[in-house]
Each structure stands twice: as C-alpha cells, then as structure tokens.
Amino acid sequence: MFARQSTRFLFPRTTTVITRVRLYSSAAPSYEHILTSTPKPGVGLITLNRPKALNALSSPLFKEVNDALSKYDESKDIGAIIITGSEKAFAAGADIKEMAPLTFASAYSNNFIAPWSHLANSIRKPVIAAVSGFALGGGCELALMCDIIYCTASATFGQPEIKLGVIPGAGGSQRLTAAVGKSKAMELILTGKNFSGKEAGEWGVAAKVVDGGKEELLEEAVKTAETIAGYSRVATVAAKEVVNKSQDLGVREGVEYERRLFHGLFGSQDQKIGMTAFAEKKKPQWSHE
C-alpha cells in the first residue's frame, strides 16, 4: 500500500500526459485530485491526477475516486468504468507523508484506508485498470481491486511495504496471492521485489499487455469498456458478481450460486430482448431492465 521511501521519488518533476482519448471526452464534474470524462458512450473514465506526487494515494484522493465511482455506478448512461493514471505512474503508492505520523490507536480507531475498499466492496459495474508506469504498494492494490487489468509491457508493479517495516494493508496480500499463487506472492511480498507489465501478463495478473505507451493502452481499455457497455447492464452486473463469487466459494457452491443468478435473469426484459433478437437475426436494443 506504500510508495517507495524516498520523498524525491514521490515528488519529482513531471508533466501531465494528455492522450488521444481525451478528444472524445465530454463535460464532467470538477475534482482536485482526479479527472473524470466519458471517452465513449457508456464508458466512464477516472484519471488519477496528482502528477507531482506520481499519483500517490491519499485519503482526499480516494474520497474523490469513491465519489466518481459511485456516480458512474448509479448512472443509467454508464456501463463500464476505467481507472488510469499518467504515462509515468498509475499510482506510485500511498502518500507516506499522510501515514508516517499515524499511531496504532489513530489508524485502528479511524479504520484507516478502509474506504479504499469501496471499489471492491460496493461498485457493481465492471471496472478496468489501465496501468502505465509505476503501480506500487497501494497503486498495485488499487489495480488488483479492479475487475480487469490492462497494462503496458514496461509497467512496474510491486508490493514494497516490507521495506518500510509494514505489510500491504489494502488487500495486496490476498488479491496478489489469488492471482499468482502462494509461493510467488510470498516471494514478492517478503522481498519487496517489483515485477514488470510483461510478467503481469505472463502470471495472469493482467488480462492484456500492450506494446506501446499510455495512448495505445487507453485506446485498448476504452475499446473493451465500450464493448462491455454495449451489453445488457443487468447481465454484465450479474456476470461480474458470479466471477467474483468464484473467489469466495468452493466450486460446487459457486456453480449453485451461478445457476441461481442465471435463472433470475429469465425475469429480466433484456433476456427476452436478447434471445428474441438472436432468433430474428437482429441487433438487440437493450432496456437494461
């Protein structure tokens, strides 16, 4: 959950990267630490925007991220969400300046970083992480909370908390283990070693590795998000739910849970629309109900 220890690393000079996808954006709410836009119909984009801090994660930033996520999740016009950063950093970690003074009592009594799990616990629509540059500590954990990870081959992932005398605190030990297995996760967390975007693809952490920069990465993420947003909202929410349940349940219980949601979808209008359109060889016009 933490960035590298050097404050020089956390606060170097850098510039904000504007990608070609920005050209499609429409007017959006104004935030201090993030940017929001709709690069394509049905697609909500959240861009972490603390360039001087390499997008280091802080409580004020997460408050804005959670607000934007909730607005997109509640919007009838949005079917999929993307979270991204800059060319140089998705998020280089948590803001050490915020955390260094904390005591056990203050962290525990205030349930520090619990709101960071809003994405994983409360957002029902599919979320794609588009990772370029550093995704360390909390940045890696934020990416792992998303449903799909796309990254550049040169992206840098890692859980280096051990180097600061602590451990991952926003789900890194659990989600990384689920992605790469116990032995590899144990090695990464105990040594604090980083791994590349190329390795993330090879190990199953990332669904797609893009040869290119942030622009190509975001175009691929938007393309996939637009595809997802083109399907029934009812079905995509259900599909996300059953896949996530596979991480919590045994195979038998998971299959039974899946079957119950499958049966339930026969009560939706979109099931009738989709199957009728298929039989008539037409494109379905989803009602999202």
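We're numbering straight along the sequence, starting at 1. Below, each value reflects all heavy atoms present in this structure, side chains not excepted, and no hydrogens, waters or symmetry copies. For clarity, every value in this text was computed on a predicted model and none was experimentally measured.
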- [ ] May I ask you to test the Asp211-Thr152 pair for a side-chain heavy-atom distance under 4.5 Å?
- [x] no

Task: Any donor-acceptor N/O pair, Asp270 side chain to Ala235 backbone, under 3.5 Å - done: no

TODO: Give a yes or no answer on whether the side chain of Asp73 reaches the backbone of Arg124 with a donor-acceptor pair at less than 3.5 Å.
DONE: yes

TODO: Determine yes or no for a side-chain-to-main-chain donor-acceptor pair under 3.5 angstrom, with Glu87 supplying the side chain and Lys214 the backbone.
DONE: yes

- [ ] Assign the ring pair Phe262 / Phe266 to parallel, tilted or perpendicular, where the plane angle (0 to 90°) is split at 30° and 60°.
- [x] perpendicular

Open item on the list: So does Asp67 get a backbone contact from the side chain of Ser70, meaning a donor-acceptor N/O pair under 3.5 Å?
Closed with: no

TODO: Would you please say whether a donor-acceptor pair under 3.5 Å links the side chains of Thr224 and Tyr150?
DONE: yes

- [ ] Check the pair Phe90, Cys151 against side-chain contact (heavy atoms from CB on, under 4.5 Å), reporting the backbone distance first and the verdict last.
- [x] CA-CA 10 Å; Phe90 175 73; Cys151 67; over 6 Å; no

Open item on the list: Check whether Ser246 reaches the backbone of Val243 with its side chain - one donor and one acceptor, N or O, closer than 3.5 Å.
Closed with: yes

Task: Salt bridge flag under 4.0 Å for residues Lys245 and Glu241 - done: no

- [ ] Determine yes or no for a side-chain-to-main-chain donor-acceptor pair under 3.5 angstrom, with Glu141 supplying the side chain and Gly172 the backbone.
- [x] yes

Open item on the list: Ignoring hydrogens and geometry beyond distance, is a side-chain donor-acceptor pair present between Ser58 and Asp95 at under 3.5 Å?
Closed with: no

Open item on the list: Looking at every non-hydrogen atom in both residues, tell me the closest pair between Ala178 and Gln247 and how far apart they are.
Closed with: CB-OE1, 3.8 Å

Open item on the list: Walk me through whether Lys240 and Thr236 qualify under side-chain contact (heavy atoms from CB on, under 4.5 Å).
Closed with: CA-CA 6 Å; Lys240 170 174 173 171; Thr236 55; over 6 Å; no

Open item on the list: Within the 4.5 Å heavy-atom criterion, are Leu69 and Ile81 side-chain neighbours or not?
Closed with: yes

Open item on the list: How close do Ala185 and Val180 get, counting heavy atoms only, and between which atoms?
Closed with: N-CG2, 3.6 Å

TODO: Please check if the side chain of Thr38 supplies one atom and the backbone of Lys40 the other of a donor-acceptor pair under 3.5 Å.
DONE: no

- [ ] Check for a donor-acceptor pair, side chain of Ser86 on one end and backbone N or O of Ala89 on the other, with a separation under 3.5 Å.
- [x] yes

TODO: Would you tell me whether Glu289 and Ser268 have side-chain atoms, one donor and one acceptor, within less than 3.5 Å of each other?
DONE: no

TODO: Might you work through the side-chain contact (heavy atoms from CB on, under 4.5 Å) test for Ile82 and Ile46, ending with a clear yes or no?
DONE: CA-CA 6 Å; Ile82 300 169; Ile46 299 172; over 6 Å; no

Open item on the list: With rounding to the nearest 0.5 angstrom, report the CE to OG1 distance, Met186 to Thr191.
Closed with: 11.5 Å

- [ ] Check whether any side-chain N or O of Asp147 sits under 3.5 Å from a backbone N or O of Val127 as a donor-acceptor pair, and report yes or no.
- [x] yes

Open item on the list: Just so I know, are the side chains of Leu249 and Tyr257 near enough to count as touching, which here means a heavy-atom distance under 4.5 Å?
Closed with: yes

Open item on the list: Could you check whether any side-chain heavy atom of Pro115 comes within less than 4.5 Å of a side-chain heavy atom of Lys63, counting everything from C-beta outward?
Closed with: no

TODO: Would you check if the side chain of Ser122 reaches a backbone N or O of Leu119 as a donor-acceptor pair within less than 3.5 Å?
DONE: no

Task: Trp116 and Phe62 aromatic ring geometry - parallel, tilted or perpendicular at 30°/60° bounds - done: parallel

Open item on the list: Ring centres under 6.0 Å, that's the criterion: do Trp203 and Phe195 meet it?
Closed with: yes

Task: Side-chain heavy atoms of Leu188 within contact of Leu176, under 4.5 Å - done: yes

- [ ] Check the pair Ser196 / Glu199 against side-chain contact (heavy atoms from CB on, under 4.5 Å), numbers first and verdict last.
- [x] CA-CA 5 Å; Ser196 68; Glu199 290 171 319; 3.4 Å; yes

Task: Glu220 with Lys223: basic N within carboxylate O range, under 4.0 Å - done: yes

